[in-house]
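For this chain, numbers begin at 1 and follow the sequence in order. In each ligand, atom 1 is the first atom listed, and ligand 1 is the first ligand listed. Bear in mind that the values here come from a model prediction, so they are computed numbers and not experimental data.
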Amino acid sequence: MIEKLELRNTDSLVDLGCGTGMYSLDIIKQVQLRKVIAVDPYPEMLKQIPEDTDSNIHTVVSDALSFSKRPGIYDKILIKEAVHHIPEREKLFNCLFNRLRKGGILLLVHVPPEVKYPLFQKALDRCKEWHADTDELLEQLENTDFQVEQDFIDYTHSIPKQKYFAMVKSCYMSALTSLGEQEIINGLIEMEKKYKDTKSLEFVDHFDYLKAVK
Ligand SMILES: C[S@@+](CC[C@H](N)C(=O)[O-])C[C@H]1O[C@@H](n2cnc3c(N)ncnc32)[C@H](O)[C@@H]1O
């Protein structure tokens with residue numbers, strides 16, 4: 001993400017849909033930035049970002065679209081695994097185009113609809129409608145006059161089965177939170193049968209990267 005955003009120490013970075021800010025916090029350990037604006041609609045997420053004046057992280061409680069309409073010019077914008085929460089994407093990209101200086105970069109990092117996670121079938125089906133489609137995002141960004149480069153990264157996990165099952169039980173992905181309690185229980189039974197002879201689950205996490213340059 002640091003490479004794709006071409007981060008340098010004069011940059012202001014907006015982390016849109018930042019959650020607990022874990023990626024911004026890690027980024028500023030590696031690159032000094034002029035300013036980071038961490039935006040999320042949920043104050044309870046932002047509260048987990050340490051208030052440290054040295055880090056230059058400013059938190060803003062706002063949804064992405066409202067923030068994108070506020071005046072301000074930034075060098076770089078990161079949307080990591082949050083774009084699927086914003087239905088009006090074309091509008092969002094148009095507004096973000098206006099928030100970037102010329103040559104500024106918007107980086108989308110997201111998990112596409114087809115996932116290779118060892119989940120139960122209903123959850124896999126839910127991901128197909130829950131996650132944003134990369135080709136559609138690409139087209140929407142290009143329609144907004146961004147110059148777009150596409151890339152991806154595959155990361156292989158190896159997780160003890162019981163640990164992964166506990167993650168599923170606690171709805172570690174937002175697609176799971178959209179299912180009912182009983183659907184999760186039934187899903188875990190399905191997974192228990194499917195992986196009965198397995199101790200550790202190995203699977204690939206695929207992230208699409210769309211780098212949009214103004
Ligand atoms: C899967 S988390 C990703 C958080 C962070 N970017 C990361 O990668 O750790 C999705 C985030 O999007 C936020 N979100 C939900 N709806 C949003 C919206 N309309 N605008 C901006 N962020 C939103 C959630 O609060 C959550 O923090």
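- Between the side chains of Ser178 and Arg126, at least one donor N or O lies within less than 3.5 Å of an accepting N or O.
- Taking the ring centroids of Phe207 and His110, they lie at or beyond the 6.0 Å cut-off.
- The aromatic rings of Tyr164 and Tyr172 sit perpendicular, their planes meeting at an angle over 60°, well past the 30° parallel limit.
- For ligand 1 and Tyr23, the ligand atoms under 4.0 Å from any heavy atom of the residue are 7 (C), 8 (O), 9 (O).
- Salt bridge annotation for Lys116-Asp205: absent, with no cationic side-chain nitrogen under 4.0 angstrom from a carboxylate oxygen.
- For Phe97 and Phe146, the ring centers sit closer than 6.0 Å to each other.
- Leu96 and Tyr209 are assigned to two separate hydrophobic clusters, defined by single-linkage of ILVMFWY side chains at heavy-atom distances under 4.5 Å.
- At the shortest separation from atom 4 (C) of ligand 1 among protein heavy atoms lies Gly17 O, 3.4 Å.
- Residue, atom and distance of the protein heavy atom nearest to atom 10 (C) of ligand 1 are Glu81 O, 3.4 Å.
- Atoms of ligand 1 lying under 4.0 Å from any heavy atom of Tyr42, numbered from 1 in the order shown and given with element: 25 (O).
- When non-hydrogen atoms are compared, ligand 1 lies under 4.0 Å from the backbone of Lys80 as well as from its side chain.
- With a 6.0 Å radius and a threshold of 12 heavy atoms from other residues, nucleotides or ligands, Glu90 has its CD atom above the threshold.
- Salt bridge status for Asp151 with Lys4: present, with a side-chain N to carboxylate O gap under 4.0 Å.
- Among protein heavy atoms, atom 15 (C) of ligand 1 sits closest to His85 CG, 3.5 Å.
- The distance from ligand 1 to the heavy atoms of Gly19 drops below 4.0 Å at these ligand atoms: 4 (C), 27 (O).
- The protein atom (non-hydrogen) at minimum distance from atom 19 (N) of ligand 1 is Asp63 CB, 3.7 Å.
- Of the protein's non-hydrogen atoms, Cys18 O, 3.3 Å is the one closest to atom 5 (C) of ligand 1.
- Protein heavy atom in closest approach to atom 17 (C) of ligand 1: Pro41 CG, 3.6 Å.
- Of the protein's non-hydrogen atoms, the one nearest atom 26 (C) of ligand 1 is Asp40 OD2, 3.6 Å.
- Residue Ala82 approaches ligand 1 through these ligand atoms, each under 4.0 Å from one of its heavy atoms: 12 (O).
- Of all protein heavy atoms, the one closest to atom 21 (C) of ligand 1 is Ala64 N, 3.4 Å.
- Using a 4.5 Å heavy-atom cutoff, the side chains of Met1 and Val109 are in contact.
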